[in-house]
Asker: 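Take this structure, written in structure tokens, and hold onto it; I'll ask about it next.
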Amino acid sequence: MNVLGIFLMSPGTGGGGIMDFLPLILIVVVFYFFMIRPQLKKQKETKKFRENLAKGDQVVTIGGVHGKISEMKENTVVLEIANDVRITVEKAAISSDFATEAGISSKAK
């Protein structure tokens with residue numbers, strides 16, 4: 001019997017083979033392309049967004065607080081949420097750019 005015949009044996013012949021694992025392999029491929037890959041892409045975009053934050057950007061935190069970045073530190077950001085009202089938040093707590101979320105051109109900041 002040749003090597004290809006061993007891998008393609010049907011379950012009824014008692015040999016097993018790769019055909020027994022084909023549904024499992026297909027499930028793994030579907031999970032990768034529909035769940036894992038998009039999640040990794042989104043994480044990469046979020047990391048890039050947080051690294052490119054700059055003073056003057058209008059952002060929204062994960063708690064829904066809107067503010068303008070007035071000071072940047074290594075792991076934290078100082079947001080001005082009203083006149084002379086500033087709060088310090090972690091960079092990881094910033095979820096999106098307010099201008100993008102509101103549909104405003106980023107050049108109109």
Side-chain angles (χ1 to χ4, degrees):
M1 186 176 275
N2 62 15
V3 175
L4 184 60
I6 293 171
F7 284 115
L8 298 177
M9 280 184 158
S10 64
T13 61
I18 200 165
M19 293 303 284
D20 291 341
F21 294 106
L22 190 60
L24 183 62
I25 292 169
L26 290 175
I27 290 171
V28 170
V29 169
V30 167
F31 266 93
Y32 176 76
F33 281 107
F34 287 108
M35 297 180 82
I36 298 170
R37 188 169 175 237
Q39 183 65 29
L40 291 174
K41 185 177 178 182
K42 184 175 179 177
Q43 285 177 348
K44 188 183 290 185
E45 289 173 357
T46 302
K47 182 180 178 185
K48 184 178 177 184
F49 165 73
R50 289 182 180 147
E51 288 173 351
N52 292 329
L53 288 173
K55 186 175 177 179
D57 288 349
Q58 293 186 352
V59 295
V60 181
T61 66
I62 57 175
V65 178
H66 294 243
K68 186 167 100 174
I69 297 176
S70 63
E71 187 179 331
M72 299 278 298
K73 296 180 183 173
E74 187 173 331
N75 294 322
T76 60
V77 173
V78 177
L79 293 180
E80 184 173 351
I81 57 175
N83 289 338
D84 295 328
V85 179
R86 291 181 173 83
I87 59 173
T88 303
V89 297
E90 293 288 325
K91 278 187 180 180
I94 296 177
S95 65
S96 63
D97 184 12
F98 176 71
T100 304
E101 193 174 273
I104 302 169
S105 171
S106 60
K107 294 178 182 168
K109 292 181 195 175

Asker: Using the test side-chain contact (heavy atoms from CB on, under 4.5 Å), find all partners of Val30 that sit at least two apart in sequence or belong to another chain.
Answerer: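 So Val30 forms a side-chain contact (heavy atoms from CB on, under 4.5 Å) with Phe34.
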Asker: How close do Met72 and Val77 get, heavy atom to heavy atom, and via which atoms?
Answerer: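 Answer, listing the atom of Met72 first, then Val77: SD-CG2, 4.0 Å.
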Asker: Taking all non-hydrogen atoms of both residues, which atom of Asn75 and which atom of Glu90 are closest, and how far apart?
Answerer: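 Minimum heavy-atom contact is O-OE1, 3.2 Å.
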Asker: Hey, does Leu79 have a side-chain heavy atom less than 4.5 Å from the side chain of Ile69?
Answerer: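 When only atoms from C-beta onward are counted, Leu79 and Ile69 do touch, with a gap below 4.5 Å.
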Asker: Membership question, hydrophobic clusters at under 4.5 Å side-chain separation (ILVMFWY): are Val28 and Ile25 in the same one?
Answerer: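 Different clusters.
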Asker: Indicate, with yes or no, if Ile36 and Phe33 share a hydrophobic cluster defined by side-chain heavy-atom contacts under 4.5 Å among Ile, Leu, Val, Met, Phe, Trp and Tyr.
Answerer: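 Yes; tracing contacts between hydrophobic side chains, which count when under 4.5 Å, links both residues.
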Asker: Quick one: side-chain contact (heavy atoms from CB on, under 4.5 Å) partners of Leu22, sequence neighbours excluded?
Answerer: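 Once residues adjacent in sequence are excluded, the partners of Leu22 under the side-chain contact (heavy atoms from CB on, under 4.5 Å) criterion are Met19, Leu26.
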Asker: I'd like to know if the side chain of Ser95 reaches the main chain of Val60, judged simply by a donor and an acceptor atom lying under 3.5 Å from each other, with no hydrogens or angles considered.
Answerer: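 Looks like yes, one N/O pair under 3.5 Å.
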Asker: By the salt bridge (charged side-chain N to carboxylate O under 4.0 Å, His left out) test, which pairs, at least two apart or in different chains, include something from residues 24-38?
Answerer: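 Every pair satisfying salt bridge (charged side-chain N to carboxylate O under 4.0 Å, His left out) with a residue in residues 24-38: there are none.
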Asker: Is there a continuous path of hydrophobic side-chain contacts, each under 4.5 Å between heavy atoms, that joins Phe21 to Ile27?
Answerer: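 In one cluster with Phe21: Ile27, no.
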Asker: Would you say Ile81 and Val59 are hydrophobically clustered, going by side-chain heavy atoms of ILVMFWY under 4.5 Å?
Answerer: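 Linked, Ile81 and Val59 end up in one cluster.
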Asker: Got a list of side-chain donor-acceptor pairs under 3.5 Å for residues 43-52, not counting sequence neighbours?
Answerer:
residue : atom : partner : partner atom : Å
Thr46   : OG1  : Lys42   : O            : 2.9
Arg50   : NE   : Lys91   : O            : 3.4
Arg50   : NE   : Ile94   : O            : 2.9
Arg50   : NH2  : Ala92   : O            : 2.9
Arg50   : NH2  : Ile94   : O            : 3.0
Asn52   : ND2  : Lys48   : O            : 3.1

Asker: Got a sec, which residues hit salt bridge (Lys or Arg N to Asp or Glu O under 4.0 Å) with Glu80, two or more places apart in sequence or on another chain?
Answerer: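 In terms of salt bridge (Lys or Arg N to Asp or Glu O under 4.0 Å), with neighbours along the sequence ignored, Glu80 is linked to Arg86.
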Asker: Looking at Asp57 and Ala54, what are the two nearest heavy atoms and their distance?
Answerer: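 That closest heavy-atom pairing would be OD2-N, 3.0 Å.
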